[in-house]
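Everything numeric in this text was worked out from a predicted model, so none of it was measured. Protein chains get the first letters and strands the later ones, always in sequence-line order, with residue 1 at the start of each.
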2 protein chains.
Amino acid sequence: MSTISTLSNHQVRLASRPVGLPTRANWSFTTEPVAEPGPGGVLVKTLYLSLDPAMRGWMNEGKSYIPPVEIGAVMRAGGVGKVIASQNPAFAVRDYVSAGLDVQEYCLVPQEQLKRSGMFKIDPSAGLTTWLNVLGMPGMTGYFGLLEVGLPKAGETVVVSGAAGAVGQTVGQIAKLKGCRVVGIAGGKAKCDWVVNELGFDACIDYKNSDVRAGLKEHCPKGVDIYFDNVGGEILDMVLAKITRGARIIICGAISQYNNTTPVKGPANYLSLLVNRARMEGIVVFDYADRYHVGIAEMAAYLKAGTMKSREDVVVGLENFPEALLKLFNGENFGKLVLQVAKE
Amino acid sequence: MSTISTLSNHQVRLASRPVGLPTRANWSFTTEPVAEPGPGGVLVKTLYLSLDPAMRGWMNEGKSYIPPVEIGAVMRAGGVGKVIASQNPAFAVRDYVSAGLDVQEYCLVPQEQLKRSGMFKIDPSAGLTTWLNVLGMPGMTGYFGLLEVGLPKAGETVVVSGAAGAVGQTVGQIAKLKGCRVVGIAGGKAKCDWVVNELGFDACIDYKNSDVRAGLKEHCPKGVDIYFDNVGGEILDMVLAKITRGARIIICGAISQYNNTTPVKGPANYLSLLVNRARMEGIVVFDYADRYHVGIAEMAAYLKAGTMKSREDVVVGLENFPEALLKLFNGENFGKLVLQVAKE
């Protein structure tokens, strides 16, 4: 291994706030020297970064559930990496960790920021990218969102949009394990086939090539008891028209609306909540941080038993970050989108 | 009292389904002889009928929480009346009752429909119209909606739209009794003054003559923890922009949208539910029917103690039903709207 002082850290920074889809002009690329950690600090070499729809929100000005990324700051991202220098007894050189590493090759985490970075050691045998997917934020979002907000009961019908995405694949697989009928919504035949044949969903509606309304009617003959919504827009309205009495709608995201340059389209069918005494509730995964270990343990057991799968779509190269991110918004990613920044 | 056989029953029937606001052409007026009740049946003389925003929904074709009123049928309405003939030991002549009486002067309820009509004896000393207001469906809607869906805690800020209406006045008064800060939204200075000065709300925003956004900012400095929504539309969106983390929005109605000839306007700010981990949930009062007696007992105690008020807006004359109903949609009614069909 080279000595720390000879390393350069390539970084991707937010250069300007995008209007609509982010372009390469919204990013700047910088190079900095890498510093040794101070007392209690840890230096991590980034291996994989998680690319998520929520990133689009962090690029906007204004209050949300976390502050926006400042102009000029390294773009925020979670990732997995390897400790290459440590002044902290909790982390040893060669440990694999998951943490907020941001879009850069090396992340120096001073002692006072360790907790905020969420850094914890991971078992690489589960697969490093799995820790950004089923065992990571998306997995925890699906786990706590479905189980604690959705409250699924065996025999109920669960619909999940973005079914082949990171959160969607987790939600659907957990719902199947809990005895529900599961109907996915995804874009394209390949994703739909994978969701049904590999993940064991009961059906998957191809929103790009078929009529979603007709698909819901066909595959949810008893209506929709739980809808886990990652997309918003027209599909949310179509599902609202099919919910059952006492239905639960988990609002996890609205990827169809994130790059709008016009106002967000509100769900015109929201009065279906009244007619059906139904509930629509938002979820932010960070609220469950003190219980991630519970979710991770359960998901890891499923993975080990082979009753759950984790699929990632890997793009290679930090320099490809701007284009890689866009795959989320045109629906090109197949599985959880991750950026490989370095080989181990 | 005249003998039953000499009486005529004037009725208001749904002649056609309205597009937009109902007009007189949507109604027909019929007269029928009055029949003696058969074994187990009860004949009631209508005194007051409840006019409610929900009636507009019942006039539309299509599935809702109850079936629509059929074309040619007597319009559905709850009311209070006096038993004038009975073949049922549970109801004696001269008893006052609350029941589904429909828009007509006399209601013959056969034994097999007694339960469905919801008929029960009432104590006239509380005021007959009070049984259509605070002690009736609107009161129960406010009581169960606020307490069981809203889950108010002392010190929280509760906003209620349609604050001077039947449900709104109940919600606000209960919320005050439970120790909340209560901000109403109503149309016009007179209603706002009444809500604050007579009912004891902390503030009331006049949506007809002031800026609701500014009013919410001024009167809800800590944000909105509970919003009891009777109106929908833009006001729902404005409140969504002000909700706190974990807020509850009770969807009771959307009077601003009921006469739309264009699609319902969905709440564009619904993603505030995500950011704030908040919940939007519909309520239909009929679900609590087996516990109305609990709500009625509590409300009756407040009324007796003078800690709750009940205000009704009385329109006289069955023949004025078509125009009276419209008062709900232009906001003309001041207090719970009732139609006096006969004097006692």
Peer 1: Quick one: does B/I251's side chain get under 4.5 Å of A/M280's, heavy atoms only?
Peer 2: no
Peer 1: Please classify the contact between B/L236 and chain A as side chain, backbone, both or neither, with a heavy-atom cut-off of under 4.5 Å.
Peer 2: side chain
Peer 1: Hey, mind stepping through A/V284 and B/R245 against side chain to side chain contact (heavy atoms under 4.5 Å, CB included) and telling me if it holds?
Peer 2: CA-CA 11 Å; A/V284 173; B/R245 190 158 161 182; over 6 Å; no
Peer 1: Testing the basics here: between B/G233 and A/Y270, what is the closest heavy-atom pair and its distance to 0.1 Å?
Peer 2: N-OH, 4.3 Å
Peer 1: Specify which of A/D237, A/I249, A/V264 makes the most heavy-atom pairs with chain B at under 4.5 Å.
Peer 2: A/V264
Peer 1: At a heavy-atom separation under 4.5 Å, does A/R248 approach chain B through its side chain, its backbone, both, or neither?
Peer 2: neither
Peer 1: Most heavy-atom pairs under 4.5 angstrom with chain B, which of A/G266, A/G232, A/G57?
Peer 2: A/G266
Peer 1: Which atom pair, heavy atoms only, marks the closest approach of B/I283 to A/L274?
Peer 2: O-CD2, 3.7 Å
Peer 1: Measuring from B/L271:CG to A/Q257:CD, what's the distance to the nearest 0.5 Å?
Peer 2: 7.5 Å
Peer 1: Answer yes or no: does atom CD of B/E148 have more than 12 heavy-atom neighbours from other residues, nucleotides or ligands under 6.0 Å?
Peer 2: yes
Peer 1: Within a reach of under 6.0 Å around CD of B/E298, are more than 12 heavy atoms found that belong to other residues, nucleotides or ligands?
Peer 2: yes
Peer 1: Looking at chain A, which one of B/A278, B/A254, B/G253, B/S272 has the largest number of heavy-atom pairs inside 4.5 Å, strictly under?
Peer 2: B/A278
